[in-house]
Amino acid sequence: MKYKGVFWDIDDTLYDASAPWDVDVGTERELMLGKRKLEVLTEDQLSCFKPYKGLSELMQDIPREKQGIISNGGHQLQIDKLKLLEVYEYLNPELIFTSYGEIEKILKDSEHPLFKEAIKYLDNKEELFFNLRGYTGKPNSYMFERALEKIKVGEKCSSVEDYVMIGDDWKDIEGAQKVGMDNILISRDEKHLHNPWTNKIITPNQIVERGNIDELRKLLFN
Ligand SMILES: [Mg+2]
């Protein structure tokens, strides 16, 4: 493999997320908070959780200890999606980073600079996630930094460009570029991305058309 580690986004990167997510806002919020499980979705919706053709074989070919996730959202929800997609077993559980999962870690670490902020919302998870997700979530560099710290343990002479982030959204690419990680956009046709918050144009390092797993494999292995 060309890289010493591969990190994936989940929605629209591993599977087409447009179909299964026709749920009301209240249900979506409860899923994010872990108050409800994916089983609330209909059979039809659940059957849409299928990785792009050939993707699961590609993930299987990447060493498990070098493969992880960087995802915005509820930790258990994202893990449940990975299990439904049948790709969880190809991932190193220690390299699965979610924006809400990172907030829960802050709550357990009294030395963390954000600990005092986090315990203010101890009794209200919704407020807690809402107020702190800006620190931990993409496009912030927070999860990318944690991911690199974790994966680089024991690696000699590796630099950040030895690791790659694969995602479909400007937040994936901008986050990776903030820390210097290589990045691949799963594109719906676009060559550039737009950060609507700063009005900045983001140019991914590499682009693969959505669903073109052969091309993605070449970028990872050649
Ligand atoms: Mg996505």
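Numbering of ligands and ligand atoms starts at 1, following listing order. Here the structure is a predicted model, which is why all the values come from computation and not from measurement.
- For Asp169, every N, O or S atom stays at 2.8 Å or more from the Mg ion (ligand 1).
- Atom CZ of Phe7 and atom CG of Leu148 lie 6.5 Å apart (nearest 0.5 Å).
- Within Asp11, the N, O or S atom at minimum distance from the Mg ion (ligand 1) carries the name O.
- Among the backbone and side-chain atoms of Asp172, no N/O/S atom is found under 2.8 Å from the Mg ion (ligand 1).
- Note: Leu58 CG to Tyr52 OH = 14.0 Å, rounded to the nearest 0.5 Å.
- Using bins of under 30°, 30° to 60° and over 60° for the plane-to-plane angle, the ring pair Trp197/Trp170 lands in the perpendicular bin.
- For the Mg ion (ligand 1), the nearest N, O or S atom contributed by Asp168 is named OD1.
- For Asp9, the nearest N, O or S atom to the Mg ion (ligand 1) falls under 2.8 Å.
- For the 3.5 Å distance criterion, the side chains of Ser187 and Glu190 qualify, holding a donor opposite an acceptor.
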| query | So Gln78 and Thr98, side chain to side chain donor-acceptor pair (under 3.5 Å) or not? Walk me through it. | reply | CA-CA 8 Å; Gln78 301 308 65; Thr98 63; over 6 Å; no

